[in-house]
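Below, chain A is the first sequence line, B the second, and so on; all start at residue 1.
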Number of protein chains: 2
Amino acid sequence: MLKNNEFIDKLRSLGLRPTKQRLKICEVLFNREKTFHFTINDLAKIISEKLKEKISLATVYNTVHAFKDKGYLKEISINSDKSYFDTNITNHHHFFDEDTNQLIDCDNDDIEKINIKKNITGKKINSIEVLIKVASDNQNQN
Amino acid sequence: MLKNNEFIDKLRSLGLRPTKQRLKICEVLFNREKTFHFTINDLAKIISEKLKEKISLATVYNTVHAFKDKGYLKEISINSDKSYFDTNITNHHHFFDEDTNQLIDCDNDDIEKINIKKNITGKKINSIEVLIKVASDNQNQN
DNA sequence: AAACTACATTATAATTATTCTAAACTATTG
DNA sequence: CAATAGTTTAGAATAATTATAATGTAGTTT
(Lines give C-alpha, C1' and ligand atoms only; values in the text may rest on other atoms or scores of the structure.)
Protein backbone atom coordinates (compact mmCIF):
# COMPACT_ATOMS: atom_id res chain seq x y z
CA MET A 1 0.00 0.00 0.00
CA LEU A 2 1.74 3.10 -1.26
CA LYS A 3 1.40 6.29 0.70
CA ASN A 4 0.26 9.58 -0.63
CA ASN A 5 3.73 11.03 -0.14
CA GLU A 6 5.21 8.44 -2.40
CA PHE A 7 2.83 9.39 -5.17
CA ILE A 8 3.59 13.07 -4.60
CA ASP A 9 7.30 12.41 -4.96
CA LYS A 10 6.76 10.22 -7.98
CA LEU A 11 4.65 12.83 -9.74
CA ARG A 12 7.11 15.59 -8.93
CA SER A 13 9.96 13.49 -10.24
CA LEU A 14 8.04 13.17 -13.50
CA GLY A 15 7.53 16.90 -13.68
CA LEU A 16 3.81 16.63 -12.96
CA ARG A 17 2.09 18.66 -10.27
CA PRO A 18 0.59 16.44 -7.62
CA THR A 19 -2.99 17.58 -7.78
CA LYS A 20 -5.87 16.11 -5.81
CA GLN A 21 -7.21 14.43 -8.94
CA ARG A 22 -3.91 12.91 -10.00
CA LEU A 23 -3.30 11.51 -6.54
CA LYS A 24 -6.72 9.88 -6.49
CA ILE A 25 -6.02 8.34 -9.87
CA CYS A 26 -2.65 7.09 -8.62
CA GLU A 27 -4.38 5.38 -5.73
CA VAL A 28 -6.84 3.67 -8.02
CA LEU A 29 -4.18 2.60 -10.50
CA PHE A 30 -1.19 1.73 -8.40
CA ASN A 31 -2.48 0.56 -5.03
CA ARG A 32 -2.95 -2.97 -6.28
CA GLU A 33 -1.37 -6.35 -5.87
CA LYS A 34 -1.43 -7.22 -9.53
CA THR A 35 -0.84 -5.09 -12.58
CA PHE A 36 -3.95 -3.49 -13.95
CA HIS A 37 -5.15 -3.41 -17.54
CA PHE A 38 -7.78 -0.83 -18.24
CA THR A 39 -9.51 1.45 -20.67
CA ILE A 40 -10.19 5.08 -19.87
CA ASN A 41 -13.81 4.13 -19.45
CA ASP A 42 -13.00 1.39 -16.94
CA LEU A 43 -11.00 3.87 -14.93
CA ALA A 44 -13.63 6.59 -15.09
CA LYS A 45 -16.24 4.12 -13.90
CA ILE A 46 -14.15 2.96 -10.96
CA ILE A 47 -13.51 6.53 -9.98
CA SER A 48 -17.13 7.55 -10.15
CA GLU A 49 -18.18 4.53 -8.11
CA LYS A 50 -15.46 4.57 -5.48
CA LEU A 51 -14.86 8.22 -4.93
CA LYS A 52 -17.18 10.72 -3.35
CA GLU A 53 -15.98 13.70 -5.34
CA LYS A 54 -16.07 13.25 -9.08
CA ILE A 55 -13.26 13.78 -11.55
CA SER A 56 -14.08 15.15 -14.96
CA LEU A 57 -13.74 12.71 -17.84
CA ALA A 58 -11.43 15.19 -19.57
CA THR A 59 -9.14 15.06 -16.56
CA VAL A 60 -9.07 11.30 -16.64
CA TYR A 61 -8.00 11.44 -20.27
CA ASN A 62 -5.45 14.16 -19.57
CA THR A 63 -4.00 12.32 -16.61
CA VAL A 64 -3.73 8.95 -18.27
CA HIS A 65 -2.03 10.52 -21.25
CA ALA A 66 0.32 12.54 -19.07
CA PHE A 67 1.22 9.37 -17.16
CA LYS A 68 1.76 7.51 -20.38
CA ASP A 69 3.92 10.25 -21.87
CA LYS A 70 6.07 10.25 -18.76
CA GLY A 71 6.38 6.49 -18.79
CA TYR A 72 4.30 5.89 -15.68
CA LEU A 73 1.80 3.89 -17.71
CA LYS A 74 2.12 1.86 -20.87
CA GLU A 75 -0.27 1.70 -23.77
CA ILE A 76 -0.95 -1.76 -25.12
CA SER A 77 -1.41 -2.71 -28.75
CA ILE A 78 -4.59 -4.62 -29.31
CA ASN A 79 -7.09 -3.96 -31.97
CA SER A 80 -10.02 -2.53 -30.27
CA ASP A 81 -12.23 0.46 -30.54
CA LYS A 82 -10.73 1.63 -27.25
CA SER A 83 -7.19 2.14 -25.98
CA TYR A 84 -5.87 -0.17 -23.31
CA PHE A 85 -3.34 0.84 -20.70
CA ASP A 86 -1.19 -1.17 -18.35
CA THR A 87 0.29 -0.28 -14.98
CA ASN A 88 3.09 -2.71 -15.68
CA ILE A 89 5.62 -0.61 -17.57
CA THR A 90 8.33 -3.23 -17.71
CA ASN A 91 9.00 -5.05 -20.97
CA HIS A 92 6.50 -7.82 -21.10
CA HIS A 93 4.00 -9.39 -23.40
CA HIS A 94 0.32 -10.26 -23.36
CA PHE A 95 -2.16 -12.95 -23.90
CA PHE A 96 -5.48 -11.75 -25.22
CA ASP A 97 -8.36 -14.05 -24.47
CA GLU A 98 -10.70 -13.72 -27.42
CA ASP A 99 -13.53 -15.43 -25.53
CA THR A 100 -13.61 -12.96 -22.69
CA ASN A 101 -11.74 -10.03 -24.27
CA GLN A 102 -9.37 -10.12 -21.32
CA LEU A 103 -5.74 -9.16 -21.34
CA ILE A 104 -3.35 -11.27 -19.31
CA ASP A 105 0.26 -10.43 -18.57
CA CYS A 106 2.77 -12.84 -19.93
CA ASP A 107 5.79 -13.34 -17.77
CA ASN A 108 8.90 -12.39 -19.66
CA ASP A 109 10.36 -15.74 -18.72
CA ASP A 110 7.46 -17.49 -20.40
CA ILE A 111 8.61 -16.38 -23.82
CA GLU A 112 12.02 -17.17 -25.15
CA LYS A 113 14.07 -14.15 -26.09
CA ILE A 114 12.96 -12.65 -29.38
CA ASN A 115 15.76 -12.26 -31.85
CA ILE A 116 15.27 -9.84 -34.66
CA LYS A 117 17.81 -10.52 -37.32
CA LYS A 118 17.09 -7.61 -39.61
CA ASN A 119 16.04 -4.11 -38.68
CA ILE A 120 14.98 -1.06 -40.62
CA THR A 121 18.10 0.89 -41.57
CA GLY A 122 18.62 4.10 -39.64
CA LYS A 123 16.03 3.18 -37.05
CA LYS A 124 16.42 1.98 -33.53
CA ILE A 125 14.08 -0.47 -31.88
CA ASN A 126 12.03 1.17 -29.17
CA SER A 127 9.97 -1.80 -28.14
CA ILE A 128 9.03 -5.33 -29.04
CA GLU A 129 5.53 -6.36 -28.14
CA VAL A 130 4.10 -9.80 -28.54
CA LEU A 131 0.38 -10.38 -28.48
CA ILE A 132 -0.73 -13.98 -28.20
CA LYS A 133 -4.38 -14.40 -29.06
CA VAL A 134 -5.97 -17.40 -27.39
CA ALA A 135 -9.43 -18.88 -27.33
CA SER A 136 -11.14 -21.87 -25.80
CA ASP A 137 -9.76 -25.14 -27.06
CA ASN A 138 -12.83 -26.51 -28.82
CA GLN A 139 -13.68 -27.76 -32.28
CA ASN A 140 -15.75 -25.58 -34.58
CA GLN A 141 -13.50 -22.66 -33.95
CA ASN A 142 -13.59 -19.90 -36.57
CA MET B 1 -2.29 -8.49 -62.48
CA LEU B 2 -5.25 -10.54 -61.39
CA LYS B 3 -8.24 -10.75 -63.67
CA ASN B 4 -11.78 -9.99 -62.74
CA ASN B 5 -12.71 -13.64 -63.11
CA GLU B 6 -10.20 -14.63 -60.49
CA PHE B 7 -11.73 -12.22 -58.01
CA ILE B 8 -15.20 -13.48 -58.87
CA ASP B 9 -14.12 -17.05 -58.18
CA LYS B 10 -12.35 -16.04 -55.01
CA LEU B 11 -15.36 -14.20 -53.66
CA ARG B 12 -17.69 -17.06 -54.56
CA SER B 13 -15.40 -19.50 -52.83
CA LEU B 14 -15.66 -17.38 -49.71
CA GLY B 15 -19.43 -17.34 -49.93
CA LEU B 16 -19.57 -13.69 -50.91
CA ARG B 17 -21.50 -12.43 -53.90
CA PRO B 18 -19.23 -10.81 -56.44
CA THR B 19 -20.81 -7.41 -56.64
CA LYS B 20 -19.52 -4.50 -58.67
CA GLN B 21 -18.36 -2.74 -55.50
CA ARG B 22 -16.56 -5.73 -54.07
CA LEU B 23 -14.75 -6.36 -57.32
CA LYS B 24 -13.57 -2.76 -57.46
CA ILE B 25 -12.31 -3.04 -53.90
CA CYS B 26 -10.52 -6.29 -54.78
CA GLU B 27 -8.76 -4.53 -57.62
CA VAL B 28 -7.61 -1.73 -55.37
CA LEU B 29 -6.47 -4.05 -52.61
CA PHE B 30 -5.02 -7.03 -54.37
CA ASN B 31 -3.71 -5.82 -57.71
CA ARG B 32 -0.40 -4.79 -56.19
CA GLU B 33 3.16 -5.92 -56.16
CA LYS B 34 3.63 -5.53 -52.44
CA THR B 35 1.29 -6.23 -49.59
CA PHE B 36 -0.81 -3.27 -48.61
CA HIS B 37 -1.43 -1.88 -45.14
CA PHE B 38 -4.36 0.44 -44.88
CA THR B 39 -7.09 1.97 -42.82
CA ILE B 40 -10.68 2.12 -44.00
CA ASN B 41 -10.16 5.79 -44.59
CA ASP B 42 -7.09 5.22 -46.77
CA LEU B 43 -9.06 2.78 -48.83
CA ALA B 44 -12.10 5.03 -49.14
CA LYS B 45 -9.88 7.87 -50.28
CA ILE B 46 -8.15 5.77 -52.92
CA ILE B 47 -11.50 4.61 -54.21
CA SER B 48 -12.98 8.06 -54.40
CA GLU B 49 -9.92 9.39 -56.19
CA LYS B 50 -9.32 6.54 -58.60
CA LEU B 51 -12.80 5.42 -59.44
CA LYS B 52 -15.41 7.29 -61.42
CA GLU B 53 -18.39 5.80 -59.65
CA LYS B 54 -18.37 6.17 -55.90
CA ILE B 55 -18.77 3.47 -53.29
CA SER B 56 -20.61 4.30 -50.09
CA LEU B 57 -18.46 4.46 -46.98
CA ALA B 58 -20.77 1.96 -45.32
CA THR B 59 -20.05 -0.48 -48.14
CA VAL B 60 -16.32 -0.02 -47.71
CA TYR B 61 -16.72 -0.88 -44.03
CA ASN B 62 -18.98 -3.81 -44.81
CA THR B 63 -16.66 -5.17 -47.44
CA VAL B 64 -13.48 -4.87 -45.45
CA HIS B 65 -15.13 -6.59 -42.52
CA ALA B 66 -16.59 -9.29 -44.69
CA PHE B 67 -13.16 -9.89 -46.22
CA LYS B 68 -11.59 -9.97 -42.80
CA ASP B 69 -14.19 -12.38 -41.42
CA LYS B 70 -13.59 -14.72 -44.35
CA GLY B 71 -9.83 -14.51 -43.93
CA TYR B 72 -9.20 -12.57 -47.12
CA LEU B 73 -7.74 -9.70 -45.09
CA LYS B 74 -6.03 -9.53 -41.75
CA GLU B 75 -6.48 -6.94 -39.05
CA ILE B 76 -3.31 -5.71 -37.40
CA SER B 77 -2.93 -4.83 -33.74
CA ILE B 78 -1.37 -1.45 -33.29
CA ASN B 79 -2.48 1.20 -30.93
CA SER B 80 -4.16 3.71 -33.00
CA ASP B 81 -7.43 5.51 -33.19
CA LYS B 82 -8.06 3.60 -36.40
CA SER B 83 -7.98 -0.05 -37.43
CA TYR B 84 -5.29 -1.21 -39.78
CA PHE B 85 -5.70 -4.01 -42.25
CA ASP B 86 -3.22 -6.03 -44.23
CA THR B 87 -3.55 -7.82 -47.53
CA ASN B 88 -0.87 -10.24 -46.38
CA ILE B 89 -2.83 -12.87 -44.50
CA THR B 90 0.10 -15.19 -43.84
CA ASN B 91 1.62 -15.37 -40.38
CA HIS B 92 4.04 -12.51 -40.18
CA HIS B 93 5.04 -9.64 -37.99
CA HIS B 94 5.40 -5.90 -38.31
CA PHE B 95 7.64 -2.99 -37.78
CA PHE B 96 5.86 0.20 -36.89
CA ASP B 97 7.77 3.35 -37.70
CA GLU B 98 6.82 5.81 -35.01
CA ASP B 99 8.26 8.72 -36.98
CA THR B 100 6.09 8.21 -40.02
CA ASN B 101 3.31 6.03 -38.56
CA GLN B 102 4.07 3.49 -41.23
CA LEU B 103 3.66 -0.25 -40.99
CA ILE B 104 6.29 -2.43 -42.59
CA ASP B 105 6.05 -6.17 -43.04
CA CYS B 106 8.63 -8.19 -41.25
CA ASP B 107 9.79 -11.24 -43.08
CA ASN B 108 9.09 -14.31 -41.01
CA ASP B 109 12.71 -15.33 -41.48
CA ASP B 110 13.83 -12.07 -39.90
CA ILE B 111 12.53 -13.11 -36.50
CA GLU B 112 13.63 -16.26 -34.81
CA LYS B 113 10.84 -18.62 -33.92
CA ILE B 114 8.92 -17.48 -30.89
CA ASN B 115 8.67 -20.09 -28.21
CA ILE B 116 5.96 -19.71 -25.65
CA LYS B 117 6.74 -21.87 -22.69
CA LYS B 118 3.57 -21.39 -20.73
CA ASN B 119 0.06 -20.97 -22.05
CA ILE B 120 -3.28 -20.21 -20.46
CA THR B 121 -4.84 -23.51 -19.40
CA GLY B 122 -7.75 -24.67 -21.51
CA LYS B 123 -6.97 -22.21 -24.26
CA LYS B 124 -5.39 -22.72 -27.62
CA ILE B 125 -3.17 -20.19 -29.30
CA ASN B 126 -4.81 -18.65 -32.33
CA SER B 127 -2.08 -16.27 -33.32
CA ILE B 128 1.19 -14.75 -32.23
CA GLU B 129 1.82 -11.23 -33.41
CA VAL B 130 4.97 -9.26 -32.86
CA LEU B 131 5.02 -5.52 -33.24
CA ILE B 132 8.43 -3.90 -33.29
CA LYS B 133 8.23 -0.17 -32.75
CA VAL B 134 11.12 1.71 -34.28
CA ALA B 135 12.09 5.34 -34.55
CA SER B 136 14.92 7.35 -35.96
CA ASP B 137 18.22 6.56 -34.33
CA ASN B 138 19.00 9.96 -32.77
CA GLN B 139 19.84 11.27 -29.35
CA ASN B 140 17.19 13.22 -27.43
CA GLN B 141 14.66 10.52 -28.16
CA ASN B 142 11.68 10.45 -25.81
C1' DA C 1 1.22 35.52 3.05
C1' DA C 2 -0.24 38.33 -1.08
C1' DA C 3 0.37 38.36 -5.77
C1' DC C 4 1.81 36.26 -9.81
C1' DT C 5 2.20 32.84 -13.27
C1' DA C 6 2.17 28.59 -15.37
C1' DC C 7 -0.04 24.53 -15.20
C1' DA C 8 -4.63 21.86 -14.30
C1' DT C 9 -9.41 21.03 -14.12
C1' DT C 10 -13.90 21.40 -15.82
C1' DA C 11 -18.25 21.21 -18.53
C1' DT C 12 -19.42 21.29 -22.81
C1' DA C 13 -18.93 21.39 -27.71
C1' DA C 14 -16.64 19.41 -31.56
C1' DT C 15 -14.52 15.83 -34.03
C1' DT C 16 -13.62 11.29 -35.68
C1' DA C 17 -14.22 6.43 -36.37
C1' DT C 18 -17.51 3.21 -36.69
C1' DT C 19 -22.12 0.98 -36.58
C1' DC C 20 -27.08 1.02 -37.34
C1' DT C 21 -31.31 1.56 -40.08
C1' DA C 22 -34.52 0.88 -43.38
C1' DA C 23 -35.44 1.53 -48.05
C1' DA C 24 -33.91 0.55 -52.74
C1' DC C 25 -31.26 -2.62 -55.47
C1' DT C 26 -29.18 -6.88 -57.51
C1' DA C 27 -27.18 -11.64 -57.86
C1' DT C 28 -28.70 -16.10 -57.70
C1' DT C 29 -32.02 -19.92 -57.80
C1' DG C 30 -35.93 -22.30 -59.35
C1' DC D 1 -38.48 -14.07 -65.27
C1' DA D 2 -40.27 -14.13 -60.52
C1' DA D 3 -38.99 -14.88 -55.89
C1' DT D 4 -35.73 -14.24 -52.29
C1' DA D 5 -31.82 -13.65 -49.86
C1' DG D 6 -27.93 -11.01 -49.75
C1' DT D 7 -26.06 -5.99 -50.80
C1' DT D 8 -25.73 -1.22 -51.18
C1' DT D 9 -26.84 3.23 -49.78
C1' DA D 10 -27.45 7.84 -47.42
C1' DG D 11 -27.98 9.44 -43.45
C1' DA D 12 -28.80 9.02 -38.50
C1' DA D 13 -26.90 7.25 -34.27
C1' DT D 14 -23.29 5.99 -31.15
C1' DA D 15 -18.90 5.89 -28.94
C1' DA D 16 -14.26 7.26 -28.11
C1' DT D 17 -11.48 10.97 -27.94
C1' DT D 18 -9.90 15.83 -28.42
C1' DA D 19 -10.58 20.85 -28.35
C1' DT D 20 -12.17 25.06 -26.06
C1' DA D 21 -12.15 28.56 -23.01
C1' DA D 22 -13.31 29.83 -18.48
C1' DT D 23 -12.21 28.94 -13.74
C1' DG D 24 -9.19 27.07 -10.26
C1' DT D 25 -4.81 25.83 -7.95
C1' DA D 26 0.31 24.69 -7.10
C1' DG D 27 4.59 26.65 -6.81
C1' DT D 28 7.35 30.69 -6.89
C1' DT D 29 8.39 35.56 -6.01
C1' DT D 30 8.01 39.35 -3.59
Would you kindly give the [atom1]-to-[atom2] distance between [X] and [N], to the nearest whole Å?
X     : N      : atom1 : atom2 : value
A:I8  : C:dA8  : CD1   : P     : 15 Å
A:D69 : C:dA8  : CG    : P     : 12 Å
B:F85 : C:dA17 : CZ    : P     : 13 Å
A:L57 : D:dA15 : CG    : C1'   : 11 Å
B:Y61 : D:dA12 : OH    : C1'   : 15 Å
A:F38 : D:dT17 : CZ    : P     : 12 Å
A:Y84 : D:dA16 : OH    : P     : 10 Å
B:N62 : D:dG11 : CG    : C1'   : 14 Å

Enumerate the protein-to-nucleotides 1-4 of chain C contacts in which both atoms are nitrogen or oxygen and the separation is below 3.5 Å.
none

- Item | Heavy-atom donor-acceptor pair, B:T59 side chain to B:I55 backbone, under 3.5 Å |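 No; zero donor-acceptor contacts below 3.5 Å.
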- Query: Short question: side chain of A:R12, backbone of A:R17 - any donor-acceptor pair under 3.5 Å?
  - Reply: no
Can you name the side-chain contact (heavy atoms from CB on, under 4.5 Å) partners of [X], sequence neighbours left out?
X     : answer
B:S13 : B:K10
B:N91 : B:K74, B:N108
A:E75 : A:K68, A:S83, A:F85, B:N79

- Does B:S56 or B:D81 map to a spot on DNA chain D nearer the 5' end, using the closest nucleotide for each? B:S56
- Task: Compute the bend angle of the helix from C:dA1-D:dT30 to C:dG30-D:dC1 from the end axes (five pairs per end), rounded to 10°.
- Result: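 Taking five pairs per end, the axes differ by 30°.
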- Query: Got a sec, which residues hit salt bridge (Lys or Arg N to Asp or Glu O under 4.0 Å) with A:D110, two or more places apart in sequence or on another chain?
  - Reply: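 By the salt bridge (Lys or Arg N to Asp or Glu O under 4.0 Å) rule, A:D110 matches B:K118.
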Any idea which of [options] is nearest the [X] side chain?
X     : options               : answer
A:K54 : D:dT8, C:dT9, C:dA11  : C:dA11
B:K82 : C:dT18, D:dT9, C:dT9  : C:dT18
A:H65 : D:dT9, C:dA17, D:dT18 : D:dT18

- Query: Under the side chain to side chain donor-acceptor pair (under 3.5 Å) criterion, do A:D107 and A:H93 qualify, and how do the steps go?
  - Reply: CA-CA 7 Å; A:D107 233 50; A:H93 307 295; over 6 Å; no
- How would you list all residue pairs meeting salt bridge (charged side-chain N to carboxylate O under 4.0 Å, His left out) that involve residues 26-48 of chain A, not counting sequence neighbours? none
- Just grab all the salt bridge (charged side-chain N to carboxylate O under 4.0 Å, His left out) pairs involving residues 125-134 of chain A, residues at least two apart or on different chains. A:E129-B:K133, A:K133-B:E129
- Message: Please determine whether a side-chain nitrogen or oxygen atom of B:Q21 lies at a distance below 4.0 Å from atom OP1 or OP2 of D:dT9.
- Response: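 Yes.
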- Item | Hydrophobic cluster identity match, B:L103 and B:F95, side-chain contacts under 4.5 Å | no
- Message: With a 4.5 Å cut-off on side-chain heavy-atom distances among I, L, V, M, F, W and Y, is there a chain of contacts connecting A:I104 to B:I114?
- Response: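 Hydrophobic grouping puts A:I104 with B:I114.
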- Message: Does either side chain, that of A:K124 or that of A:N126, offer a donor lying less than 3.5 Å from an acceptor on the other one?
- Response: yes
- Message: Can you confirm whether the side chains of A:T90 and A:N88 place a donor and an acceptor under 3.5 Å from each other?
- Response: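 Result is yes, a qualifying pair exists.
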- Mind jotting down which residue pairs meet the ring pair (Phe, Tyr, Trp, His ring centres under 6.0 Å) criterion with at least one end in residues 10-34 of chain B? Sequence neighbours excluded, please. B:F30-B:Y72
- Quick one: does B:L73's side chain get under 4.5 Å of B:F36's, heavy atoms only?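 Counting from C-beta outward, B:L73 and B:F36 never come under 4.5 Å.
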- Task: Report, as a single string ordered 5' to 3', how protein heavy atoms within less than 4.0 Å touch nucleotides 20-30 of chain D: B base, S sugar-phosphate only, - not at all.
- Result: ------BS---
- Salt bridge B:D109-A:K117, side-chain N to carboxylate O under 4.0 Å: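 Result for this pair is no, no salt bridge flagged.
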- Message: For DNA chain C, which residues of residues 22-30 of chain B approach it to below 4.0 angstrom with any heavy atom?
- Response: none
- Task: Mind telling me whether A:H92 and A:H94 have parallel, tilted or perpendicular rings, with 30° and 60° as the class edges?
- Result: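 Taking A:H92 first and then A:H94, their aromatic rings stand perpendicular (interplane angle over 60°).
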- Within residues 39-50 of chain B, those residues having any heavy atom closer than 4.0 Å to DNA chain D are none
